[in-house]
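Reviewing the structure listed below.
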Amino acid sequence: MPPSPNKSPKKQAVFSQTSSLPCPSRWTVLLQSHLGNLLRLMMVLMVLLTATQILGVIFQCRNDKLLDVQFSMIQRALPSHSAHTRPSTETPEERGKRREGRRGQRSQDADPRQEVRKHQKELFLSSKPSLPRGLDELVNRILKSETNTRRAQLHATVQSLDLANELGSPNSQPRPPSLNSNSEDSVPGQNIAEVRSCRPKKHIFFLKTHKTASSTILNILYRYGDSQNLTFALPYNMHSQLFYPNLFASYFVEGEQSRSKKKFHIMCNHLRLNLPEVRKVMPEDSFYFSILRNPVDMMESVFMYYKSSPAFVKSKNLDDFLGNGSSHFNMSLPGNHYARNLLSYDFGFDNNIAADNPGLEKMASNVITAIQHDFQLILISEHFDESMILLKYALCWSLDDVVSFRLNSRNQGSRRTVSSLTADKIRTWNALDWRVYLHFNATFWRRVDTLVGREEMKREVAQLQERRAQLTRTCLKEGRAVDPSQVKDTELKPFQYGTAVIQGYNLNPGLDGPDRTFCQKLITPELTYTKALYTKQFPELAAKHVQAARKAASKHQARMNQSGPGKAKEASRTV
């Protein structure tokens with residue numbers, strides 16, 4: 001058959017060559033021609049692949065060499081760990097002796113945070129907290145199922161934190177650029193416009209210290225989280241505190257063990273700090289802050305509020321305790337931790353250390369180092385308005401977010417003036433807290449200079465005070481705080497404890513709508529607001545707790561009725 005005229009000349013030539021051959025021979029010629037093309041293509045690909053690999057090896061060698069050069073430059077740029085410059089004529093024997101000496105020095109001068117965390121870890125793992133019966137059963141089940149793996153994870157967490165500090169690396173948590181640390185060497189020049197352009201922070205951990213205006217800050221955090229529908233890490237079983245004074249454990253938080261709440265935004269109730277356990281609950285990018293108060297004023301308030309504690313109960317006044325009662329002070333008795341270095345105790349440290357203890361200065365340095373490492377902002381109670389402006393900048397909030405009325409504050413009749421002689425005794429008795437306070441009071445003003453500036457701070461404090469005055473006229477019936485006997489709404493009556501008289505507020509009767517809601521949240525006491533937030537987050541659990549409380553109250557009432565009408569009347573007033 002002649003070749004088709006539509007075929008190309010090349011195909012016609014092939015056809016003419018193969019048409020006269022037998023059928024198998026014809027297919028052999030065709031296969032050979034195609035295989036030749038494939039073979040040539042494969043050879044080209046192999047050459048390209050080989051060339052690519054050779055180039056990759058060349059570039060890798062070049063990058064390794066550049067990295068070596070950069071690493072050498074970084075090593076030369078870093079400050080030497082030794083006190084003096086290494087001699088250029090040092091012999092190998094001298095170098096070996098110097099290394100041995102440096103190794104020994106490191107063993108003597110241990111990292112302060114390592115020593116602190118070791119102490120906290122031993123306290124946490126060796127002692128089972130004394131908890132209410134409802135939580136105690138849960139803890140028993142948890143501890144029975146506790147595996148060595150979980151303990152090893154906790155140990156590894158603590159060791160990694162200590163190692164990071166030993167190597168001088170920053171905290172593993174992301175820090176905002178304006179508040180990188182509380183160190184004295186913070187870099188100045190933060191632009192206020194940059195702070196105002198930031199995003200509001202919603203992951204917040206506040207260590208609520210005792211008698212430091214922390215209840216007022218708690219109300220600020222409650223109001224913000226409530227308005228933004230954020231989730232709070234609230235105490236288990238509808239308690240008001242995270243089982244203070246026990247070192248904090250993650251299962252103290254409602255919803256943490258059952259995983260009914262997978263994400264928490266804010267933790268701010270009373271607890272004794274145990275940082276590795278806190279980090280199990282809070283997100284990695286959480287902002288950590290707390291507040292301190294002058295130990296002199298704080299001690300006077302603590303004595304009045306916790307007068308029933310074994311340390312204070314037999315003392316007529318604060319001078320009597322400092323002169324006589326302190327000589328019989330027993331730290332092992334429940335509640336006596338309030339009587340000495342309470343700030344350090346709240347931060348998770350050993351607080352029973354005397355002024356003449358040779359390890360006082362080292363302990364104070366340990367506490368300061370750990371707080372600087374773990375917290376991005378430390379506020380000062382004596383400069384509360386300035387603290388609120390700093391907090392506003394740090395969290396990127398508005399003025400109304402940080403405005404407040406004083407909560408859980410005493411009336412003037414329950415305050416006592418402290419003489420200069422008594423003040424000196426208090427500083428000696430609380431020598432650890434005094435050193436910590438002095439340090440952070442100084443860094444507080446350096447932070448003001450760095451972040452805001454003195455003139456800008458004055459202007460913003462004036463705005464905050466003017467806004468508070470406006471809200472006072474709008475919200476408060478008497479225009480001020482009143483004694484608890486004068487508070488009309490039982491839901492707004494503050495909890496009374498010790499010999500202190502805690503004041504409350506009355507709302508203006510003409511308020512309605514959003515104004516009434518905002519004003520009422522401003523004056524809601526801590527316990528009432530905590531209960532409301534618990535009900536909002538855990539409505540089913542809250543209903544069960546209310547039902548159980550009513551049953552317990554009715555049973556108690558029935559028992560008192562059987563005892564006699566006089567006792568029944570007294571029981572009804574108590575319930």
Side-chain angles (χ1 to χ4, degrees), residues 206 208-223 226 240-241 268-270 291 293-294 296-309 312 317-318 338 342 379-385 387-388 402-418 464-511 515-533 573-574:
F206 171 58
K208 189 177 186 295
T209 50
H210 286 81
K211 316 313 297 175
T212 58
S214 61
S215 292
T216 303
I217 298 178
L218 183 82
N219 179 269
I220 290 172
L221 295 172
Y222 273 177
R223 285 190 286 115
D226 193 11
S240 60
Q241 299 183 355
C268 53
N269 296 89
H270 269 309
I291 185 169
R293 185 182 181 185
N294 188 319
V296 175
D297 299 326
M298 182 178 171
M299 184 72 174
E300 184 272 331
S301 179
V302 165
F303 180 83
M304 298 296 294
Y305 200 80
Y306 298 105
K307 184 65 170 64
S308 59
S309 66
F312 298 145
N317 50 47
L318 190 53
Y338 292 112
L342 182 54
L379 307 177
I380 300 297
S381 178
E382 286 75 22
H383 310 294
F384 188 81
D385 287 347
S387 294
M388 291 304 97
V402 298
V403 72
S404 62
F405 295 142
R406 293 178 63 186
L407 296 179
N408 202 32
S409 63
R410 298 173 290 158
N411 66 2
Q412 286 299 125
S414 58
R415 298 174 186 270
R416 299 291 181 267
T417 302
V418 177
L464 177 64
Q465 293 172 348
E466 175 59 27
R467 179 57 177 153
R468 186 184 296 123
Q470 291 175 358
L471 291 171
T472 298
R473 295 189 293 270
T474 302
C475 299
L476 304 183
K477 182 179 179 181
E478 293 84 0
R480 57 180 176 82
V482 297
D483 286 351
S485 60
Q486 298 175 344
V487 177
K488 305 303 180 184
D489 189 345
T490 56
E491 290 294 319
L492 299 179
K493 282 191 174 183
F495 178 69
Q496 303 296 311
Y497 194 81
T499 59
V501 179
I502 307 301
Q503 295 182 304
Y505 299 92
N506 288 315
L507 281 177
N508 267 332
L511 290 170
D515 287 342
R516 180 178 178 82
T517 301
F518 183 72
C519 289
Q520 184 162 344
K521 288 182 178 181
L522 275 170
I523 64 174
T524 301
E526 177 180 337
L527 300 184
T528 304
Y529 214 151
T530 303
K531 182 179 178 181
L533 289 175
R573 286 198 303 265
T574 305

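Counting from 1, the numbers follow the sequence of the chain as shown.
- In this structure, N294 and E382 approach most closely via the heavy-atom pair N-OE2, 2.9 Å.
- Sorted by first then second residue, the salt bridge (charged side-chain N to carboxylate O under 4.0 Å, His left out) pairs that include residues 404-415, not counting sequence neighbours, are E300-R410.
- Between the R416 side chain and the G413 main chain, a donor and an acceptor come within less than 3.5 Å of each other.
- Screening D489, V482, L407 for a side-chain contact (heavy atoms from CB on, under 4.5 Å) involving Y505 leaves a single residue, L407.
- How far OH of Y338 is from OG of S308: 9.5 Å, rounded to the nearest 0.5 Å.
- For the pair C475 and N508, the minimum side-chain heavy-atom distance is 4.5 Å or more.
- Atoms CG and CD1, from L492 and I523 in turn, are 4.5 Å apart once rounded to the nearest 0.5 Å.
- Distance check: C268 SG to L218 CG gives 4.5 Å after rounding to the nearest 0.5 Å.
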* Evaluation steps, side-chain contact (heavy atoms from CB on, under 4.5 Å), between Y222 and T524 -> CA-CA 10 Å; Y222 273 177; T524 301; over 6 Å; no
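- Across every non-hydrogen atom of F206 and L221, the tightest pair is CB-CD1, 3.5 Å.
- Side-chain contact check for Q503 versus D483: some heavy-atom pair is nearer than 4.5 Å.
- Taken to the nearest 0.5 Å, the OG atom of S381 stands 8.0 Å off from the CD1 atom of I217.
- Within 6.0 Å of the NZ atom in K531, the count of heavy atoms belonging to other residues, nucleotides or ligands does not exceed 12.
- Nearest heavy atoms, Y305 versus Y497: O-CD2, 3.1 Å.
- The side-chain contact (heavy atoms from CB on, under 4.5 Å) test with Q241 singles out one residue from E526, K208, H270, and that residue is H270.
- N506 places a side-chain N or O within donor-acceptor distance of the main-chain N or O of Q486, the cut-off being under 3.5 Å.
- Of all heavy-atom pairs spanning Y306 and K211, the tightest one is CE1-CD, 4.3 Å.
- Closest of all the heavy-atom pairs between T472 and F405 is OG1-CE2, 3.4 Å.
- Although no hydrogens or angles enter the test, the distance criterion places no donor-acceptor pair under 3.5 Å between the side chain of R473 and the main chain of G479.
- Of all non-hydrogen atoms in K307 and F312, the two that sit nearest each other are NZ-O, 3.2 Å.
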* To do: Please assess M388 against L379 for the test side-chain contact (heavy atoms from CB on, under 4.5 Å), listing each intermediate value before the final yes or no.
  => CA-CA 8 Å; M388 291 304 97; L379 307 177; 3.9 Å; yes
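- Applying the salt bridge (charged side-chain N to carboxylate O under 4.0 Å, His left out) definition to pairs two or more places apart or across chains, none involves residues 491-511.
- Taking CD of Q496 as the reference point, atom CG of N408 lies at 8.5 Å (rounded to 0.5 Å).
- A 4.5 Å side-chain heavy-atom check between L476 and R480 finds every atom pair outside the cut-off.
- The line from CD1 of I291 to OG1 of T212 is 5.0 Å long, rounded to the nearest 0.5 Å.
- One side chain, D385 or Q465, offers a donor N or O that lies under 3.5 Å from an acceptor on the other.
- Contact annotation: the side chain of S414 never approaches that of T499 to less than 4.5 Å [non-hydrogen atoms, C-beta and beyond].
- Using a 4.5 Å cut-off on side-chain heavy atoms (C-beta onward), L511 and T474 make contact.
- Using modelled atom types, no side-chain atom of S214 and backbone atom of H210 make a donor-acceptor pair closer than 3.5 Å.
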